[in-house]
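A quick write-up on the structure given underneath.
Indexing begins at 1, ligand by ligand and atom by atom, following the structure's order.
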Amino acid sequence: GADISAKNVDALSSSFPLCMQHLHRSLRRDAHLKHFGRLQYTLFLKGIGLNLEECLIFWRTSFHKITDDTFNKEYRYNVRHSYGDVGGDSNRRGGGYSPFSCQKILTEHPPGPGEAHGCPYRHFNLENLTALLQQVGIADRSVLQGVKEDKEAQKFHMACNRVFEHVHKNEIKRAKDDGILTSAQLETIVHPNEYFKRSYLLKN
Ligand code: SF4
């Protein structure tokens with residue numbers, strides 16, 4: 001089975017959609033993320049199966065410039081709250097918050113300066129989006145051109161799915177040839193956790 005643990009998040013992040021890769025890269029660069037970035041990323045990590053204990057280890061080790069005391073005072077509670085470990089009865093009964101869908105990420109709380117949450121296909125300008133795609137290894141001109149057209153038409157999901165199909169083209173072909181993947185299973189992805197699940201299944 002999958003080893004979904006704090007120390008494996010770096011390796012797993014190659015199966016993350018661009019929104020979460022951007023959060024991960026920003027976190028590694030700054031050893032910090034602002035509130036909405038932490039929330040979006042924590043809930044995604046919860047959705048891929050990182051348990052609360054591992055999630056706390058992940059944030060504590062990632063925020064390596066601060067003391068334990070600061071971490072415990074300022075950040076620990078919110079992570080526990082996201083998992084339903086603390087908070088009101090309904091939060092606890094419900095197991096905390098649900099991971100955000102693309103729809104929510106695309107439409108609520110657009111990122112401001114210095115914030116890394118949101119959807120890069122929507123919230124980045126074309127130049128920065130292209131640069132980010134190239135940094136994560138997407139150099140194919142026709143894919144980048146397709147993303148540009150999707151973005152101009154405000155079809156952000158289409159851009160994300162286009163990149164998914166490009167990144168996984170060998171695995172998709174093999175799975176189709178083996179008859180273990182039908183076109184119906186390649187319907188448009190509309191949730192970051194679905195992106196991860198499909199990527200992970202195809203690669204493993
Ligand atoms: Fe993330 Fe959804 Fe945007 Fe893809 S379309 S980058 S999964 S928010």
Side-chain angles (χ1 to χ4, degrees), residues 2 4 9-29 33-50 55 58 82 97-140 142-169 171-172 181 184-204:
I4 309 287
V9 175
D10 284 313
L12 293 166
S13 71
S14 69
S15 283
F16 292 177
L18 197 61
C19 52
M20 303 304 171
Q21 289 207 52
H22 177 55
L23 283 166
H24 191 73
R25 294 166 67 87
S26 302
L27 175 61
R28 287 292 177 252
R29 186 193 59 208
L33 284 177
K34 292 191 174 182
H35 173 76
F36 283 114
R38 293 198 305 275
L39 186 59
Q40 180 176 318
Y41 200 27
T42 295
L43 294 173
F44 171 79
L45 293 172
K46 174 182 160 183
I48 74 169
L50 194 70
C55 195
F58 173 75
S82 293
Y97 302 125
S98 298
F100 294 163
S101 65
C102 297
Q103 182 64 18
K104 191 173 170 81
I105 293 170
L106 284 162
T107 56
E108 293 178 18
H109 298 295
E115 292 186 308
H117 67 276
C119 172
Y121 297 109
R122 172 163 208 164
H123 296 123
F124 278 29
N125 65 29
L126 184 64
E127 195 184 333
N128 291 345
L129 175 60
T130 304
L132 177 61
L133 285 167
Q134 287 170 338
Q135 282 160 26
V136 301
I138 292 148
D140 186 295
S142 71
V143 173
L144 294 174
Q145 177 62 27
V147 166
K148 175 175 182 275
E149 287 164 17
D150 293 336
K151 180 170 172 57
E152 281 164 359
Q154 304 210 336
K155 293 182 173 164
F156 308 111
H157 293 119
M158 298 307 294
C160 190
N161 281 267
R162 181 187 298 280
V163 167
F164 181 93
E165 290 188 19
H166 173 68
V167 170
H168 301 87
K169 58 180 183 300
E171 290 89 347
I172 290 170
L181 186 71
Q185 285 167 294
L186 283 172
E187 279 165 23
T188 310
I189 294 167
V190 295
H191 197 296
N193 286 97
E194 178 65 23
Y195 186 110
F196 172 78
K197 204 159 98 186
R198 274 195 216 176
S199 175
Y200 195 81
L201 284 174
L202 281 168
K203 287 185 195 170
N204 290 276

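Screening residues 105-130 for salt bridge (Lys or Arg N to Asp or Glu O under 4.0 Å), with sequence neighbours left out, gives Lys104-Glu108.
Of all protein N/O/S atoms, those under 2.8 Å from atom 2 (Fe) of ligand 1 are Cys102 SG, and waters are not counted.
In this structure, the side chain of Lys148 does not engage the main chain of Thr130 through any donor-acceptor pair within 3.5 Å.
Lys46 and Ser82 share no side-chain donor-acceptor pair at under 3.5 Å.
Checked against side-chain hydrogen bond (donor to acceptor under 3.5 Å, both in side chains), Gln135 has the following partners two or more places apart in sequence or in another chain: Arg25. Among residues two or more places apart in sequence or in another chain, the side-chain hydrogen bond (donor to acceptor under 3.5 Å, both in side chains) test is passed with Glu171 by none.
The side-chain contact (heavy atoms from CB on, under 4.5 Å) with Pro192 is formed by just one residue from the set Cys160, Pro99, Cys102; it is Cys102.
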